[in-house]
Amino acid sequence: MSNTALFTEGERVTLAEMLAVREKRVAIQRELLSSQKEDSLLMALMNIPGPIKNNPKLEAVFTAVLERIEEVLGNDLPQASLYRNLNTGAEYFILSPLTPAQLKEKMVMIEETHPFGRLFDLDVLWMEGNELKSISRTALGLNTRRCFICNRDAKDCGRSRRHTIEEMQEAISKIIQEGSDQLHD
């Protein structure tokens, strides 16, 4: 598959739409956690640069990782889950009885071992009073995420816009192609 096929199919989204969906996402996080204050919340999103954030191929990648998340959580069944398939990208929220650290460790393992894991943010949140908190990899003594293009710190590359959207899309297409091959072996 060429990268053009992956990133031309789907509806283009605007910055205003992305900001609105981000605001809605925070409201959902608060709503889910306020009903289950003792639980941790997993929020799964894909990191897709450019104006097209969702299409059938990206949705299939998202579903493959969701299946792995549900396998890994197995016995620690979620208290509640919510899947939203939006033009701005699919979103998956799971309330879990695990502690934030336990849940984050399991999610880091998926990010690092699943063929598509590098394309995902598997964030873990909880409520402290009225404040949403999230746990980082470094809080668990783990390394920060690496850029899938140059292997530097991913946040540094993102902040400095070190790579073009085209370079990132090319790398994502390669990850998806190689990951699809692995999953079908």
Side-chain angles (χ1 to χ4, degrees), residues 1-26 28-29 42-72 82-94 104 107-125 134 136-138 142-185:
M1 172 199 313
S2 74
N3 70 343
T4 54
L6 182 59
F7 293 103
T8 56
E9 186 184 343
E11 217 169 291
R12 299 172 78 83
V13 297
T14 64
L15 179 60
E17 288 172 304
M18 290 302 296
L19 294 173
V21 83
R22 187 176 297 158
E23 208 172 288
K24 175 70 174 161
R25 204 180 297 137
V26 171
I28 290 170
Q29 293 165 356
L42 166 65
M43 184 183 65
L45 304 168
M46 283 182 79
N47 293 312
I48 303 296
I52 292 176
K53 307 284 186 192
N54 204 353
N55 59 39
K57 183 66 180 175
L58 293 172
E59 204 178 314
V61 167
F62 198 90
T63 300
V65 172
L66 287 193
E67 288 169 0
R68 182 67 184 131
I69 289 169
E70 289 171 357
E71 273 174 33
V72 166
L82 172 63
Y83 174 73
R84 295 176 4 123
N85 191 19
L86 309 169
N87 289 340
T88 50
E91 303 175 346
Y92 190 49
F93 304 87
I94 298 176
K104 184 66 175 181
M107 295 306 108
V108 167
M109 185 266 300
I110 293 171
E111 288 174 343
E112 292 184 351
T113 62
H114 191 281
F116 303 136
R118 297 185 80 174
L119 305 179
F120 279 76
D121 276 336
L122 301 177
D123 295 332
V124 175
L125 304 125
S134 69
S136 67
R137 288 166 164 246
T138 52
L142 302 169
N143 292 330
T144 58
R145 294 202 66 181
R146 311 313 301 162
C147 172
F148 49 71
I149 295 175
C150 69
N151 217 29
R152 290 183 175 112
D153 182 285
K155 280 196 167 79
D156 289 346
C157 286
R159 269 194 295 273
S160 68
R161 299 193 186 279
R162 183 170 281 125
H163 309 292
T164 65
I165 287 175
E166 291 76 21
E167 288 173 315
M168 290 184 286
Q169 289 175 339
E170 186 68 46
I172 288 167
S173 292
K174 188 175 178 199
I175 290 168
I176 290 173
Q177 183 60 56
E178 290 172 359
S180 296
D181 293 346
Q182 282 179 37
L183 291 174
H184 295 108
D185 284 347

| remark: Rounded to the nearest 0.5 Å, the CG atom of L58 sits from the OG1 atom of T63 at a distance of 10.5 Å

| task | For residues E91 and V21, determine if any side-chain heavy atom of one lies less than 4.5 Å from a side-chain heavy atom of the other. | result | yes

| Looking at I172, D121, V65, L119, which hits side chain to side chain contact (heavy atoms under 4.5 Å, CB included) with M46? | L119

| query | Can you tell me how far CG of L122 sits from OH of Y92, rounded to the nearest 0.5 angstrom? | reply | 11.5 Å

| task | For a salt bridge (Lys or Arg N to Asp or Glu O under 4.0 Å) with E111, tell me which candidate from R68, R145, R118 qualifies. | result | R145

| task | Measure the CD-CZ distance between E170 and F7 for me, rounded to the nearest 0.5 Å. | result | 9.5 Å

| field | CD1 on I28 to CZ on R84, rounded to 0.5 Å | value | 3.5 Å

| field | Residues, nucleotides or ligands: over 12 heavy atoms within 6.0 Å of R12 CZ | value | no

| Test side chain to side chain contact (heavy atoms under 4.5 Å, CB included) applied to V13 and M18, step by step | CA-CA 7 Å; V13 297; M18 290 302 296; 3.9 Å; yes

| message | For E11, run the side chain to side chain donor-acceptor pair (under 3.5 Å) check against N87, N55, T88, N54 and tell me which one passes. | response | N87

| Minimum-distance pair of heavy atoms, taken over all atoms of H114 and A64 | NE2-O, 3.7 Å

| request: Take I52 and E9 through the test side chain to side chain contact (heavy atoms under 4.5 Å, CB included) and record every step on the way to the result. | output: CA-CA 8 Å; I52 292 176; E9 186 184 343; over 6 Å; no

| said: With side chain to side chain contact (heavy atoms under 4.5 Å, CB included) as the criterion, how do R137 and T144 come out once you've worked through the C-alpha distance, each side chain's angles and the decisive distance to 0.1 Å? | reply: CA-CA 6 Å; R137 288 166 164 246; T144 58; 5.5 Å; no

| message | Tell me the closest heavy-atom pair linking C147 and H163, and the distance in Å. | response | SG-NE2, 3.4 Å

| query | Looking at F93 and R25, what are the two nearest heavy atoms and their distance? | reply | CZ-CG, 3.5 Å

| query | What is the distance from atom CZ of F116 to atom CD1 of I110, rounded to the nearest 0.5 Å? | reply | 14.0 Å

| said: Looking at every non-hydrogen atom in both residues, tell me the closest pair between P49 and Q169 and how far apart they are. | reply: O-NE2, 3.4 Å

| task | Could you tell me which non-hydrogen atom of F62 sits nearest to which non-hydrogen atom of A44, and how far apart they are? | result | CZ-O, 3.5 Å

| said: Could you check whether atom CD of E23 has more than 12 heavy atoms from other residues, nucleotides or ligands sitting under 6.0 Å from it? | reply: no

| Where V72 and M109 come nearest, the two heavy atoms and their spacing | CG2-CE, 3.8 Å

| request: Report the distance from atom CG of D123 to atom CE of M43, rounding to the nearest 0.5 Å. | output: 4.5 Å

